[in-house]
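Working notes, beginning with the structure itself.
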There are 2 protein chains.
Amino acid sequence: MPISLPMADAPPPERADAARNRETILAAASRLVDELGVERVSMDAVAREAGVGKGTLFRRFHSREGLMAAVLDRSESAWQASVLSGPPPLGPGAPPYERLLAMGHSRLRLNVTHGALIKAATGSHGARSRAAASFAIMHLRHLLSELHVEGDLPLLAVALLAPLDIVVVEQQQADDVTLDRIEAAWDDLVRRVVGH
Amino acid sequence: MPISLPMADAPPPERADAARNRETILAAASRLVDELGVERVSMDAVAREAGVGKGTLFRRFHSREGLMAAVLDRSESAWQASVLSGPPPLGPGAPPYERLLAMGHSRLRLNVTHGALIKAATGSHGARSRAAASFAIMHLRHLLSELHVEGDLPLLAVALLAPLDIVVVEQQQADDVTLDRIEAAWDDLVRRVVGH
DNA sequence: AATGAAAGCGGACCACGGTCCGTTTTGTCC
DNA sequence: GGACAAAACGGACCGTGGTCCGCTTTCATT
């Protein structure tokens with residue numbers, strides 16, 4: 001008799017071979033990505049490297065975008081960890097305003113270093129790994145409420161994060177704007193929004 | 001003797017057949033786009049419709065993205081015209097703060113209605129039709145300076161426009177956020193930045 | 001009008017993302 | 001452990017964006 005708690009429709013579990021392959025594929029993809037750079041990694045190459053058929057890749061990850069999002073999630077969750085439990089001022093322990101600034105700076109730099117992967121994981125179809133993007137929003141929203149900012153905090157959080165987006169940043173870099181300048185302008189924006 | 005004013009290295013002019021083809025291609029592309037929707041228009045189809053070879057498309061527009069940007073530019077320049085010389089509050093004649101709000105609202109709605117085209121014209125390669133994007137930035141910057149806002153105006157303008165980006169907006173729409181709410185939150189953001 | 005070189009043209013060709021479906025593996029029930 | 005259905009697998013296949021290169025058109029010069 002299968003142990004089934006009276007919990008509602010849980011997603012069906014994963015078969016053994018499927019789990020094994022998922023790991024193999026992710027490992028192969030990660031390896032290829034930081035060996036060749038994300039642009040030069042084709043789905044066929046990942047399939048070959050992982051020793052599976054192409055169909056398997058697509059069943060598991062739906063699209064190239066989805067696969068890259070899965071690869072990206074590893075670094076993202078490291079960042080999330082350092083926000084949730086790392087040293088201040090990014091992690092807990094510093095006053096909210098400083099954490100807010102630290103988070104923006106950290107996010108900006110991370111977006112730049114992971115730029116290629118983020119863009120590969122963010123299709124024009126717009127289905128970026130939901131969780132990854134919304135973690136930053138949720139956290140920012142939390143900090144804003146600690147600072148007693150009034151208003152539509154969820155949307156305000158989005159508005160503050162939007163100018164740090166890799167696409168926006170790269171556009172500016174193409175106009176010879178430095179990261180330091182972007183950072184300073186963001187600090188100014190935050191100051192205005194939070195009200196000192 | 002060729003008439004050549006003492007003007008420095010002008011870009012070489014366009015040959016007659018080239019100009020003819022450019023028009024034909026743009027017309028064909030526009031027609032197909034609003035007949036089938038931008039997603040369903042392939043480069044082969046445009047070439048067939050225009051009665052030219054595929055190579056010609058790519059020489060003229062470099063990529064699918066480039067072609068779509070060219071198609072988009074028509075609507076964009078209509079919008080630019082109504083900002084520069086249309087009726088207030090979007091056009092000149094209204095006080096700067098009202099023009100600022102009107103511009104945001106108008107830009108938001110335009111981004112939504114032209115969403116598919118904008119995304120098709122904005123590759124992950126990030127080379128969106130330079131002029132189109134930067135017109136809004138320049139104008140916004142101008143309005144901010146009229147309002148005596150201090151600081152790094154070019155970057156502030158970018159930061160205000162970023163949350164209106166179609167990708168950001170669609171993300172929010174997927175979370176059941178209405179356009180009116182986005183608009184209200186943007187107004188609030190502007191109020192904070194400009195300082196009433 | 002003839003001429004020659006540079007610019008433009010076109011469609012065969014390639015690699016890639018994504019789908020499809022006949023075959024193989026897994027896990028359950030007897 | 002045998003039998004059976006469900007799930008997963010793999011690679012042939014397709015349409016698309018983008019390149020390449022031998023041929024044609026344009027246009028300045030005479």
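Side-chain atoms are counted along with the backbone in the values below, which use heavy atoms only and exclude waters and symmetry mates. Throughout, a chain's letter reflects where its sequence line sits, starting with A, and its residues are numbered from 1.
To the nearest angstrom, P of D:dA12 lies 11 Å from CG of A:Asp44. Taking atom NZ of residue A:Lys54 and atom P of nucleotide D:dC14, one finds them 13 Å apart after rounding to whole Å. Per the geometry, CZ belonging to A:Phe58 stands 12 Å off P belonging to C:dC16, to the nearest Å. The CE-C1' distance, from B:Met68 to D:dG18, rounds to 14 Å in whole Å. Atom CD of A:Glu39 is separated from atom P of D:dG17 by 19 Å (rounded to the nearest Å). To the nearest angstrom, C1' of D:dG17 lies 16 Å from CZ of B:Phe61. One can place CD1 of A:Ile25 at 11 Å from C1' of D:dG10, the figure rounded to the nearest angstrom. Residue A:Arg22 contributes atom CZ, which lies 16 Å from atom P of C:dT26 at whole-angstrom precision.
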Q: Apply the test salt bridge (Lys or Arg N to Asp or Glu O under 4.0 Å) to residues A:Arg191 and B:Glu150: give CA-CA distance (whole Å), side-chain angles for both, the deciding distance (0.1 Å), then the verdict.
A: CA-CA 13 Å; A:Arg191 190 177 47 71; B:Glu150 309 269 315; over 6 Å; no

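In this structure, B:His139 and B:Phe135 have parallel ring planes: the angle between them is below the 30° cut-off, well short of the 60° mark.
Residue B:Arg20 is in sugar-phosphate contact alone, with no base atom involved, counting any heavy-atom pair closer than 4.0 Å across all strands shown. Using a 4.0 Å heavy-atom criterion, one finds that B:Arg60 contacts the sugar-phosphate atoms exclusively.
Among the nucleotides D:dT19, C:dT26, D:dC9, the one closest to the side chain of A:Ala18 is D:dC9. Residue B:Val52 places its side chain closer to C:dG10 than to any other of C:dG10, D:dC9, D:dG11.
Remark: B:Arg181 is not positioned above the aromatic ring of B:Trp186, lacking an NZ or CZ atom under 6.0 angstrom from the ring centre and at most 45 degrees off the axis.
Where A:Gly55 and A:Ser42 each meet DNA chain C at their nearest nucleotide, the meeting point lying more 5' is that of A:Ser42.
The phosphate of D:dC9 has OP1 or OP2 within less than 4.0 Å of a side-chain N or O from A:Asn21. Proximity of A:Arg59 to the phosphate of D:dA7: no side-chain N or O atom is located under 4.0 Å from OP1 or OP2. Considering only side-chain N and O atoms, A:Thr56 lies nowhere under 4.0 angstrom from the phosphate OP1 or OP2 of D:dA8.
By the 4.0 Å N-to-carboxylate-O rule, B:Arg192 lies close enough to B:Asp188 to be salt-bridged with it.
For A:Arg15 against C:dT25, a side-chain N or O and a base N or O form a donor-acceptor pair under 3.5 Å.
Residues B:Arg141 and B:Leu156 fail the side-chain proximity criterion, which asks for heavy atoms closer than 4.5 Å.
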